Structures are given as C-alpha cells and as structure tokens.
Amino acid sequence: QVHLGESGGGSVQSGGSLRLSCAASGSTNSRYWMGWFRQAPGKEREGVAAVSRFGMITYAEAVKGRFTLRKDNAQNTLYLQMNSLKPEDTAMYYCAADPLGVGNGQALSPAEYKYWGQGTQVTVSS
C-alpha cells in the first residue's frame with residue numbers, strides 16, 4: 001500500500017508561483033511512475049506532469065515552460081514548481097503513483113495510476 005500526501009496549494013494572483021509537494025510513504029520505491037494531475041470544477045481530471053521509473057518527464061502542453069516536475073528519490077517526495085500561474089490553472093491538484101508503469105504514451109492518463117493522494121487546492125485570481 002502506498003500513501004500520498006500533497007501540500008503547498010494556496011491562492012495566488014495571476015503570474016505568481018507555487019510549489020506543490022507530494023510525500024510518499026508505504027511500499028514505495030524509485031521505480032514507481034509518479035505524476036501530478038488536476039481537476040477543475042465541472043471538468044475531467046487531467047494530467048499535468050509525470051515522471052517514469054527511468055526519469056523521463058512528460059508535461060501537458062498547457063503547462064510546458066511554466067511548470068517543472070522534480071522527484072527526490074531519497075526523500076520519496078515529488079515536487080511541482082508552478083510559475084507564471086494563470087486563472088485557468090485553478091484546480092484541485094492530485095499526486096498519483098503506479099508500481100507497474102503505464103502504457104506507451106499514457107503517462108498523463110489518470111486511469112493508468114493506482115494510488116492517489118487527497119489533493120491540494122490551487123486558486124489563481126486574475
């Protein structure tokens with residue numbers, strides 16, 4: 001069993017920055033796929049950024065150049081640095097992990113991930 005706990009959300013103005021953290025505990029190891037996802041009210045959950053067990057990072061087009069994912073294997077923690085935030089980034093952000101890996105080209109697909117955190121709210125005002 002894997003437990004994921006997100007933190008770092010909050011309210012910022014457009015153009016601001018936040019850093020999200022996801023602490024993993026339980027049966028985790030560096031070979032897990034991990035990712036950040038978000039869900040805005042009335043919308044489906046979508047992938048933001050993910051890292052494979054080999055360290056390859058995939059970003060959604062909407063956040064490329066603004067968000068940076070980093071995984072600290074020693075601390076079992078996943079980070080998401082979010083810069084130049086926009087109102088459309090407002091959502092609940094979730095951390096997810098999977099021990100088996102995801103299908104080819106499916107790194108940002110929520111259905112591929114087994115374990116989920118409770119989420120942390122990010123609100124960006126214009």
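In what follows, residues are counted from 1 in the order of the sequence shown. Since the model is a prediction, treat every value here as computed from it, not as a measurement.
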Separation between SG of C95 and CG of L80, rounded to the nearest 0.5 Å = 10.0 Å
request  = Consider only side-chain N and O atoms of N83 and S17, and report whether a donor and an acceptor are under 3.5 Å apart.
outcome  = yes
note = Tightest non-hydrogen contact, residues Q121 and A91, listed as NE2-O, 3.4 Å
message = To the closest 0.5 Å, what do you measure between CD (Q13) and OG (S125)?
response = 5.0 Å
request  = Taking the six-membered ring for Trp and the single ring otherwise, decide whether the centroids of W116 and F37 are under 6.0 Å apart.
outcome  = yes
query = Are Y59 and W36 connected, step by step, through hydrophobic side chains (Ile, Leu, Val, Met, Phe, Trp, Tyr) whose heavy atoms are closer than 4.5 Å?
reply = yes
message = Can you pull out every side chain to side chain donor-acceptor pair (under 3.5 Å) where at least one residue sits in residues 37-51? Sequence neighbours excluded, please.
response = R38-E46, R38-D89, R38-Y93, Q39-R45
Residues forming a salt bridge (charged side-chain N to carboxylate O under 4.0 Å, His left out) with R19, sequence neighbours excluded = none
message = Closer than 3.5 angstrom, by distance alone: can the side chain of Y32 be matched with the main-chain N or O of L100 as a donor-acceptor pair?
response = no
remark   = Sorted by chain and number, sequence neighbours left out, salt bridge (charged side-chain N to carboxylate O under 4.0 Å, His left out) with D98 holds for none
query = Side chain of R66, backbone of S84: donor and acceptor closer than 3.5 Å?
reply = yes
Hydrophobic cluster partners of L108 (side-chain heavy atoms under 4.5 Å) = none
message = S11: which residues meet the side-chain contact (heavy atoms from CB on, under 4.5 Å) condition with it, sequence neighbours left out?
response = T123
Partners meeting side-chain contact (heavy atoms from CB on, under 4.5 Å) with S109 (sequence neighbours left out) = Q106, A111, E112
task = Supply the atom-to-atom distance Y79 OH to C22 SG, rounded to the nearest 0.5 angstrom.
result = 10.5 Å
ask   = Short question: side chain of T90, backbone of V124 - any donor-acceptor pair under 3.5 Å?
value = yes
message = I'd like to know if the side chain of Y115 reaches the main chain of P99, judged simply by a donor and an acceptor atom lying under 3.5 Å from each other, with no hydrogens or angles considered.
response = no
key: Approximate separation, where rounding is to 0.5 Å, of L20 CG and S7 OG   = 8.0 Å
